[in-house]
**Q** 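For reference, the structure I am asking about is given below.
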Amino acid sequence: MTIELVGLVDWLTEAGITHVAMESTGAYWHPVYNLLEGHCTVLLVHAAHVKNVPGRKTEKADARWLAKLLRHGLLHASFIPPRGQRDVRDLTRYRTKLVQERAREVNRVQGV
């Protein structure tokens, strides 16, 4: 929830965290990235580029591995467009979805 993410930002700021690394899996990174963007340096990395050795994977082990790679400067951040461009993309995608929904409803009414 947003309130917990805002709490995370406050906690990281109080702890003096200046850099954050996270994997780009699905769309789960969007809200975290948007809230952290102005407060610290956020590196969004492709999951396949930071794959740990095969075996038992846990979230804690992945987080430790990302932190270790970040400390040693071995992470390459993905390109994230500026906020304005992201907003325009979101609006364009939303409009496309609305147009498709409208067409679907028109076809349904015509079928009846």
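By convention here, the first residue in the shown sequence is residue 1.
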**Q** How would you list all residue pairs meeting salt bridge (Lys or Arg N to Asp or Glu O under 4.0 Å) that involve residues 72-88, not counting sequence neighbours?
**A**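 Residue pairs with at least one partner in residues 72-88: E37-R83, E37-R86.
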**Q** If you link ILVMFWY side chains whenever their heavy atoms are less than 4.5 Å apart, which other residues fall into the same cluster as L98? By chain and number, please.
**A** Y94
**Q** Could you list all the salt bridge (Lys or Arg N to Asp or Glu O under 4.0 Å) pairs where at least one residue sits in residues 16-36, not counting sequence neighbours?
**A** none
**Q** Are the side chains of R64 and K68 in contact, using a 4.5 Å heavy-atom criterion?
**A** no
**Q** Applying ring pair (Phe, Tyr, Trp, His ring centres under 6.0 Å), which residue pairs with at least one partner in residues 8-31 are found, sequence neighbours left out?
**A** W29-Y33
**Q** If you round to the nearest 0.5 Å, how far is CG of L66 from CG of L43?
**A** 10.0 Å
**Q** Quick one: does any side-chain atom of S24 pair with a main-chain N or O of V45 as donor and acceptor, under 3.5 Å?
**A**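 Confirmed, S24 side chain pairs with V45 backbone.
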**Q** Kindly state each residue pair satisfying side-chain hydrogen bond (donor to acceptor under 3.5 Å, both in side chains) with at least one member in residues 95-109, sequence neighbours excluded.
**A**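 Qualifying pairs, neighbours excluded: E105-R108.
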**Q** Identify, with sequence neighbours excluded, every residue that meets salt bridge (charged side-chain N to carboxylate O under 4.0 Å, His left out) alongside R89.
**A**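 By the salt bridge (charged side-chain N to carboxylate O under 4.0 Å, His left out) rule, R89 matches no residue at all.
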**Q** Rounded to the nearest 0.5 Å, what separation is found between the CG atom of L70 and the CE atom of M22?
**A** 12.0 Å
**Q** With H76, which residues qualify under ring pair (Phe, Tyr, Trp, His ring centres under 6.0 Å), at least two apart?
**A** none
**Q** Tell me which pairs pass salt bridge (Lys or Arg N to Asp or Glu O under 4.0 Å) where either residue lies in residues 1-15, with sequence neighbours left out.
**A**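 Qualifying pairs: none.
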**Q** Return the set of residues passing salt bridge (charged side-chain N to carboxylate O under 4.0 Å, His left out) with D62 (not counting sequence neighbours), or none when no residue passes.
**A** K57
**Q** Just how far is it from atom CG of L44 to atom CD1 of I80, taken to the nearest 0.5 Å?
**A** 4.5 Å
**Q** Per the salt bridge (Lys or Arg N to Asp or Glu O under 4.0 Å) rule, what does the pair list look like for residues 70-80, sequence neighbours excluded?
**A** none
**Q** Checking L12 now: which residues fulfil side-chain contact (heavy atoms from CB on, under 4.5 Å) with it, not counting sequence neighbours?
**A**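 Checked L12 against side-chain contact (heavy atoms from CB on, under 4.5 Å); matches are L8, I17, V20, L36.
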**Q** Count the heavy atoms belonging to other residues, nucleotides or ligands that lie under 6.0 Å from CD of Q85, then report whether that count exceeds 12.
**A** yes
